[in-house]
Every structure is written in structure tokens, then in C-alpha cells.
Amino acid sequence: MSYDSVMARKAEILRASTGIDYPGLALGRLAFDTESLMARVGYDLPEVRAVQLRAGVGDTPLRELHNLTGLVREHAEPGKGARILVKDEAANPSGSFKDRRACLSAHHARRAGFAGLVAATSGNYGAAVAAQAAANNMKAIIIQEAFDSRGLAQPEILEKARKCEALGAEVMQTTVGPELFYVLLRTLEETGYFNASLYTPFSIAGIETLGAEIARQTRALTGRDPDMVLATHAGGGMVTGTARGLRAAGAHNTVVTGVSVSLEGLHMASDRDFNRKSFTTGHTGFSVPFTTWPDRVDVPRNAARPLRYLDRFVLVTQGEVFYTTELLARLEGLERGPAGNTSLAAALVLARELDSHQTVVVSETEYSGAGKSPAAQLAFAARQGIDIGFGPSEEDRPGTAIRVPRRLDELGVREVDLASLRASYLRRAAAELGSNVGDEAGFLAEDSRSSLSEVHAAMAGGDRHD
Ligand SMILES: Cc1ncc(COP(=O)(O)O)c(C=O)c1O
């Protein structure tokens, strides 16, 4: 059970705990057959939907935010200000879209004879796995990166741990660092449970129903496809699954926009920075590294490939999301959690760009609770020495100062240059492959949404750096 010997058994542990022969999907050193990976699910979209509906997952309301739309129009040019709709994913059993991800894993694991589920997550996904395990009469173990080395955890992290326990899961909490993956492998081996990773094809196929429902419900409400869907972006599952679902439902012209909270300058693996951020997901600490290299996960290949699906990627600040959370509660009577409101903050800005007959859809809300409220997270931040005050978003400094806007027109978004993320992905691939790209160029082009000539140019550059 030493670190080295558990790591040496990694491939076998992951094969046994997912039932997926990942090496068998390889088409080269990096290339693999992504659609064959998705086909391992064994169900098509209507079957996935049927499994979810039986579990009370999905078919959540699509709500029109009339008052927020009205407010945006007051600040927009004449004829501008798209209708703002939000998919109320808080209506799922454990309060977020993560039930969609966990539902299929639990269903599959039960049918395959596993007695329980294990997931490494500090987020809402733990509660979703716990809920779906409970409904399938299975055990759940959640491994949560919770504390810094002082033993301090954010209110939102503790809230999520309590929720997992309330739903019957055993929660194992770790400090920040590489031990998480080791604890996961050891637990999988010891228990023989299913690895309900966030990044298996079961998880991503479960999110496709969200995109398909958004297309169907938006058409029913407005008579047309959504012009833009905003999806909070961290590990890439939300973007990938939602975009795939939209496409499957025929909404090919909808602009898929990823949204993250900017935590520029903070390091996720740093013990010091761990509690200097006020957001536990949907931030750049996950989204930038996962977009440029998706396979840094707890299974050999990640079924979430966000660069393939992102049409646009924008950032908002922590203060803007706190402001938006209060706005949604005060103007629409909906108290919802931070991850969905990250996309809503961007929607309040981007709706101004579109015409008033157009529609922007925020792909989710999540539940709120004592530990998720802005008051709890801001009080914690103040105790960590973060300077909190009102002001425009340009004055927000992750880890140092949170500035909550006073007015809607103090909100803005920062564009992320997707071309530079693609270049970063290709540089990383070049470092692995050298100039010997062989017939993997097609995969790299698709995976980074680049042209073949861009791939070859990056490989040549990579060679020069070698
Ligand atoms: C409620 C909620 N929304 C969005 C996200 C981001 O999803 P993804 O990690 O698939 O990008 C998360 C992930 O932690 C979440 O819990």
C-alpha cells in the first residue's frame, strides 16, 4: 500500500473500477477514439433520459428572468437586450446538474454488480453521487480535498461535506496536495467499488440531456433556438455535455460560451492560496489547465474535451458573482448558489450585445445553503485578510481584494483568447510527441479545434524547443 506500489497498479485499478479498457481505445501515443469512448455508455440519448427521469433527475424548469431582462434593457442600446432564461438545475435531487452525471454511473454500476461508488471531488458532485447511490441502494465514499495545512476549510466546502453525509455517504477529507489520487486508488482497490469519476463517458453522456432539454424548452418558449448558451466552466464536463446535447437536438448555431471566475495569480496546488479564493469551482484554477490539457484527471482519458466545443470563453470576477447572487434573489426571488450565478453574471453583460428578440440561456442554477451564501464566504475571506469593498470589477484582485459592483453597468466580462489556449494545448502535445506526430495530427486538430497546418507548425516549433 506504499505510494509507489499503489501508483504502479494504477492502470489495473482504473480498468477494474470503470470497466473501460482505456488502452484499447488508443490510436497513437496521444490520439484515441473519442466517440468509441462515448459509445462505452451503451445507451443513446433517449435511453439516458429515461434512466434519469426514473431517478427524478432532469426535466428541470427553464425559467425566464423577466426582471433581470428588464434591468439589462434599461442599460442597453435601443433594440438590444436579449431575453435571459435559466435552467433551474437546483430542482435536481441533490440540488445541481451533477445529478445528471452521477445518475448514469450509479445505474451502470448497480447493473454491473458493484456494491458502491467512490468519487474524488470537493464539490456538488459528492452530494450527487451520495444521492444516486442512496436511491440505488449502494454505498458511497466521497474523497474531498478540504483543508489547508492549518486544518481550515471554507464554509462552502464544509457545506458540501455535510450534504454528502446527510445523504448517507462516508466522507474522507484530505489536505491540499497530490495525496488525493493516491487515496482514491487505494480506496477503489480496497473496496472494489465503481470509480464514479467526473470524467468517464457515463458522466458526460448524463450531461447531454441538459443541452437537449435547453434546445427543446427554449424552442417551446420562444419559437427559436437559443442564440447563446452560457455554461460555467471548470473541468470541462458542463461545456462538453451541454454542447453535445445541443448539437444532438439540432441546435447547431447556438454560441456555446464558457464562463469562469478569474482567479488569476492564485495557485490551486498551493497550501497558502487554497483559502485565499472564495470560489470552489467554476474558476480559472481548473478551467485553464483542463482546457489546455484535459487528461490531467483521475481516469486515463477524459471524456470532457472542452476545446472542441467552446465557441467563446469569458471571465468574470468573484465580486461580480456575489453581486449577481444578490440580484437574482432580490429581483427574481431565487436564492441560488455561486456556480450557476457565475454564468448569470456574464449573461447580464452579454445579453446587452444581442437584440431584444434573441435569447441567452444560462445552463444551470445550483442550490444554495448556509455555507454557500455570499455572507459566509465573504466573512471567511475577510478573516483571511482579503480586503472586501464595493467598486468596479477592474479593481478586483484575486487573493487580495474583492470588489462588489454597486450598479449593473460596473459589470463586465474579460474575453479569453481561445487561440492562445489552442496554442498552449499544441505546445504541450509537441512536448510529448516531438516532431514525430505521424498520423496523430488529425486527432490533435480536432481536439484543439485547430487546422492541420496549425498542428504541424506547432509540432515544428515543439521540435525546435526540444
Ligand atoms: C454546480 C456546478 N456547476 C458547474 C460546474 C463546472 O462543471 P465542469 O467541472 O464540468 O466544468 C461545477 C463543477 O464543479 C458545479 O458543481
Side-chain angles (χ1 to χ4, degrees), residues 96-98 121-125 144-146 148 153-157 159-160 176 180 198 230-240 257-294 296-297 304 306 310 312-325 336-347 349 362-366 368 371-372 374 376-378 380-381 384 386 388 393 396-404 411-418 421 424:
S96 83
F97 89 104
K98 293 286 171 78
T121 165
S122 56
N124 296 304
Y125 187 57
Q144 189 194 43
E145 193 178 61
D148 64 15
Q154 295 193 24
E156 189 179 358
I157 297 266
E159 153 93 32
K160 288 168 174 172
V176 185
L180 189 73
L198 280 157
L230 295 111
T232 298
H233 180 30
M238 169 57 108
V239 163
T240 301
T257 302
V259 187
S260 297
V261 175
S262 171
L263 291 186
E264 211 174 341
L266 293 180
H267 294 279
M268 292 314 113
S270 146
D271 184 53
R272 179 184 174 275
D273 287 352
F274 186 64
N275 280 325
R276 298 188 73 78
K277 60 187 193 301
S278 296
F279 283 73
T280 61
T281 189
H283 57 66
T284 50
F286 292 131
S287 60
V288 170
F290 276 77
T291 304
T292 51
W293 202 246
R296 53 178 80 237
V297 289
L310 281 170
R312 190 173 173 183
F313 184 9
V314 299
L315 305 183
V316 294
T317 65
Q318 301 187 98
E320 287 172 327
V321 183
F322 288 127
Y323 174 81
T324 301
T325 298
R336 297 290 185 271
N341 292 341
T342 298
S343 284
L344 182 59
V349 176
V362 173
S363 69
E364 56 157 335
T365 61
E366 62 167 320
S368 193
K372 291 201 185 207
Q377 286 291 96
L378 285 169
F380 179 85
Q384 308 315 308
I386 313 285
I388 294 166
S393 47
D396 203 279
R397 298 275 174 277
T400 309
I402 293 177
R403 287 290 171 267
V404 180
L411 262 66
V413 295
R414 252 174 53 214
E415 299 288 336
V416 178
D417 179 13
L418 283 171
L421 295 185
S424 165

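Each residue takes its place number in the sequence, starting with 1. Here the structure is a predicted model, which is why all the values come from computation and not from measurement.
For the residue pair Lys160 / Thr280, a side-chain donor-acceptor distance below 3.5 Å is found, with atom types taken as modelled. Donor-acceptor pairing under 3.5 Å is recorded for the side chains of Thr325 and Asn341.
Rounded to the nearest 0.5 Å, atoms CZ (Arg397) and CD (Glu264) are 10.0 Å apart. Here the straight-line distance linking atom CD1 of Ile388 with atom CG of Leu378 works out to 4.5 Å at 0.5 Å rounding. Summarising the geometry, atom NZ belonging to Lys277 is positioned 9.5 Å from atom CD belonging to Gln318; distances are rounded to the nearest 0.5 Å. The CG atom of Asn275 sits 11.0 Å away from the CG atom of Leu266 when rounded to the nearest 0.5 Å. The OG1 atom of Thr400 sits 6.0 Å away from atom CZ of Arg276, with the distance rounded to the nearest 0.5 Å. Taking CZ from Phe274 and OG from Ser122, the interatomic distance works out to 6.5 Å, rounded to the nearest 0.5 Å.
Inter-residue side-chain proximity for Met268 and Glu145 is flagged as unmet; no heavy-atom pair is nearer than 4.5 Å. For the pair Ile402 and Asp396, the minimum side-chain heavy-atom distance is below 4.5 Å. Side-chain contact between Thr317 and Ser262 is absent, with no heavy atoms from C-beta onward closer than 4.5 Å. No side-chain heavy atom of His233 sits less than 4.5 Å from a side-chain heavy atom of Thr257. With contacts defined as side-chain heavy-atom distances shorter than 4.5 Å, the pair Phe313/Pro306 does not qualify.
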Might you work through the side-chain contact (heavy atoms from CB on, under 4.5 Å) test for Val321 and His283, ending with a clear yes or no?
CA-CA 11 Å; Val321 183; His283 57 66; over 6 Å; no

Which is it for Thr232 and Ser343 under the side-chain hydrogen bond (donor to acceptor under 3.5 Å, both in side chains) test, yes or no, and what are the steps along the way?
CA-CA 5 Å; Thr232 298; Ser343 284; 2.7 Å; yes

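Of all non-hydrogen atoms in Gly412 and Val316, the two that sit nearest each other are O-CG1, 4.3 Å. Heavy atoms only, all atoms of each residue included: Ala347 and Leu230 are closest at CB-CD1, 3.7 Å. The shortest heavy-atom contact between Thr292 and Pro294 is C-CD, 4.0 Å. The two residues Ala345 and Thr324 have their closest heavy-atom pair at CB-OG1, 3.3 Å. Minimum heavy-atom separation, Thr281 to Ala234: OG1-CB, 3.5 Å. When all heavy atoms of Phe279 and Pro338 are compared, the pair lying nearest together is CE2-CB, 3.6 Å.
A donor-acceptor contact shorter than 3.5 Å links the side chain of Gln377 to the backbone of Ser278.
Using cut-offs of 30° and 60° on the angle between ring planes, the pair Phe286 and Phe290 is perpendicular.
The side chain to side chain contact (heavy atoms under 4.5 Å, CB included) with Leu263 is formed by just one residue from the set Leu315, Thr284, Asp273; it is Thr284.
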